There are 2 protein chains.
Amino acid sequence: MSTLTDIRPTSRADALAETLLQPILAGDWRPHDRLPSEHALAAQYEVSRAVVREAIARLKTDGYVETRQGKGAFVAAAPGATAFRLDNGEAGDTHLLELRALIEADCAALAAERHTILDLERLCAASDAMRDAVAKGGLGLEEDIRFHDVLAQAAHNPALRRFAAFIGRHAREAMQLARLSRLKEQNRLAEIEGEHQAIIFAVSTRDPQAARLAVQYHIASGLRRHGLS
Amino acid sequence: MSTLTDIRPTSRADALAETLLQPILAGDWRPHDRLPSEHALAAQYEVSRAVVREAIARLKTDGYVETRQGKGAFVAAAPGATAFRLDNGEAGDTHLLELRALIEADCAALAAERHTILDLERLCAASDAMRDAVAKGGLGLEEDIRFHDVLAQAAHNPALRRFAAFIGRHAREAMQLARLSRLKEQNRLAEIEGEHQAIIFAVSTRDPQAARLAVQYHIASGLRRHGLS
DNA sequence: TGCTCATCAGCTGCCTGACAAGTTAGCCGG
DNA sequence: CCGGCTAACTTGTCAGGCAGCTGATGAGCA
């Protein structure tokens, strides 16, 4: 009945986890509903109990199901509430890049309001480090990441900073599809430097709106540089 | 050597996953490093291979390790990049509530630029539904969630909408600690209705800045109503 | 010497069967 | 009718084994 034994996209456990997730996402299995027992699932999908356990373990870590020894497995009260996951197909999505731009702009706006002297010094240092890296012939990718993290740090909101790092990493992966290295040939790395300076200036003048606009321009320019706009 | 067999915080697999996560987070195990084999880990921590497999499966779904059949398990290139997870202790954090306010404001700003007639109709319908629910003596919690989701939908960015739902759920959990039901006694549910109307108006006039401010005021008022500001 | 290729040890993926521990429902005796 | 006990579930854990894949080793050949 099942095709799990025939096609194997990844592993049996992954496939089964995906299969079991559907009724939960679709709402066919409501919160607090009991899932079939591991034994029943193993029989139904023609896999061993170990595979079922691994699939359920994955759904557990994602917060979709909860298990209690002796009682069974249940759909969690708030399915999917523990982790925010980006689909693989979503990488490279323009919506993802836009979300990153919004978050970074929020970081800049908050940074404009709350930054300390130390934050400004760190921002300048990060910008200088990137300029040096570019001057030495590198791409300055690590330094660019560092600059944006320092900006997020200046917003003084750890949750925001963590999410900015998370979304930024995915957005960068998406952009790498567009051949980062060719930026070097076109000598456009200097543009980035100038945009970073504009962000620092907007933040230093404690102008949230200007900081937001500076970041939005910076991200949009990045997309244009990568031919993604 | 190990205490896993003595104390059991949750399950052996959970405990082992936590144990194995530490060297990764601390940087002792660098990306692309190979983990000890399942057999070696089972011997080292005095558990069965099934427990080791389940622990590693959990680290896999969180994106900390990758496994390849015949080669072994390796620290992922970008540990923790696949899922954004909120610690339990973070619920109720003011930083989390602020992050939610930023995201909702972004939703409103985008909605102001991109909303369609249908979006406006849905917004009004959601607002009406909440007013009806309150009129009938309810709290209108479900309807309130619906209103904010419709607003996020009007931004026409699925990734943003998903994250808004994710962060909103956590923020609501945090606020429930502050006894939502006492809002009813103080007859403050009408305030929410008015603030929703203000958001709808700002969106309908296609004024991103006004929409952003309207949401920020709405969230801040919500915090004040719950005594969290 | 240098190259090719078969063999093999080790690893993960998966399976089977079993026991331990917790829960629940029903039966039985009072 | 009620309370306690048992039996039949459930998940958690264990042991052992086979299959498929990988990398290295070493024999054989040019």
Side-chain angles (χ1 to χ4, degrees), chain A residues 1-21 24 29 31-77, chain B residues 1-21 24 29 31-77:
Chain A
M1 192 54 69
S2 164
T3 61
L4 286 180
T5 51
D6 308 323
I7 60 173
R8 194 178 305 182
T10 50
S11 71
R12 280 165 137 92
D14 283 344
L16 180 57
E18 206 62 34
T19 302
L20 295 179
L21 185 56
I24 298 177
W29 291 351
H32 305 290
D33 278 1
R34 219 195 105 203
L35 272 67
S37 74
E38 297 177 352
H39 213 79
L41 288 174
Q44 177 178 352
Y45 292 98
E46 295 175 356
V47 293
S48 76
R49 227 190 105 206
V51 171
V52 174
R53 281 191 59 76
E54 205 164 310
I56 289 184
R58 171 169 166 179
L59 295 179
K60 265 196 294 186
T61 70
D62 274 14
Y64 289 105
V65 306
E66 295 165 353
T67 61
R68 278 189 298 275
Q69 185 172 355
K71 296 185 69 175
F74 302 84
V75 178
Chain B
M1 194 54 70
S2 165
T3 61
L4 286 180
T5 50
D6 308 323
I7 60 173
R8 195 177 306 183
T10 50
S11 72
R12 280 164 137 92
D14 284 344
L16 180 56
E18 205 64 32
T19 302
L20 295 180
L21 184 56
I24 298 177
W29 291 351
H32 305 292
D33 279 0
R34 217 194 112 208
L35 272 66
S37 74
E38 297 178 353
H39 219 80
L41 287 175
Q44 179 178 352
Y45 292 99
E46 295 175 356
V47 294
S48 76
R49 225 188 109 207
V51 171
V52 174
R53 278 191 61 77
E54 206 163 307
I56 289 184
R58 171 168 165 179
L59 295 179
K60 264 197 293 186
T61 70
D62 274 15
Y64 288 106
V65 306
E66 296 166 352
T67 62
R68 279 189 295 277
Q69 187 172 352
K71 297 185 68 176
F74 301 84
V75 178

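Given the structure is predicted, the values throughout are model-derived calculations rather than measurements. Throughout, a chain's letter reflects where its sequence line sits, starting with A, and its residues are numbered from 1.
A donor-acceptor contact under 3.5 Å is not formed by the side chain of Gln69(A) with the base of dG12(D).
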Contacts table for residues 68-76 of chain A: side-chain donor-acceptor under 3.5 angstrom, sequence neighbours left out:
none

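You'll find the side chain of Leu35(A) stays beyond 4.5 Å of the side chain of Thr67(A), heavy atoms only.
At whole-Å resolution of the value, NZ in Lys71(A) and C1' in dT24(C) are 9 Å apart. Between the CZ atom of Phe74(A) and the C1' atom of dC9(D) there is a distance of 12 Å, given to the nearest Å. Separating the CZ atom of Arg68(A) from the P atom of dT11(D) is a distance of 12 Å, rounded to the nearest angstrom. Atom NE2 in His39(A) sits roughly 10 Å away from atom C1' in dG17(C) (whole-Å rounding). Whole-Å rounding puts the Glu46(A) CD to dG13(C) P distance at 22 Å. Atom CZ in Arg34(A) sits roughly 18 Å away from atom P in dG22(C) (whole-Å rounding). One atom, CG of Leu16(A), and another, P of dC14(C), lie 11 Å apart when rounded to the nearest Å. As a whole-Å value, the separation of Leu41(B) CG from dC11(C) P is 11 Å.
Here Arg12(A) reaches the OP1 or OP2 of dC15(C): one of its side-chain N or O atoms lies under 4.0 Å away. In this structure, Ser37(A) reaches the dT10(D) phosphate: one of its side-chain N or O atoms is under 4.0 Å from OP1 or OP2. Contact between the side-chain N/O atoms of Thr67(B) and the OP1/OP2 oxygens of dG13(C) is found at a separation under 4.0 Å.
When every heavy atom of Ala17(A) is checked against every heavy atom of Ala55(A), the shortest pair comes out as N-CB, 3.6 Å. Ala77(A) and Glu66(A) get closest at one heavy-atom pair: N-OE2, 4.5 Å.
Note that CG of Leu16(B) and CZ of Arg53(B) are 13.0 Å apart. Values are rounded to the nearest 0.5 Å. The structure places CZ of Arg58(A) at 9.5 Å from NZ of Lys60(B), a figure rounded to the nearest 0.5 Å.
Heavy-atom distances to DNA chain C give each of Arg49(A) and Gly70(A) a nearest nucleotide, and the one nearer the 5′ end belongs to Arg49(A).
Scanning residues 51-58 of chain A for heavy-atom distances under 4.0 Å to DNA chain D yields Arg53(A).
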For this session: Determine, stepwise, if the pair Glu54(B) / Val51(B) fulfils side chain to side chain contact (heavy atoms under 4.5 Å, CB included).
Result: CA-CA 5 Å; Glu54(B) 206 163 307; Val51(B) 171; 5.8 Å; no

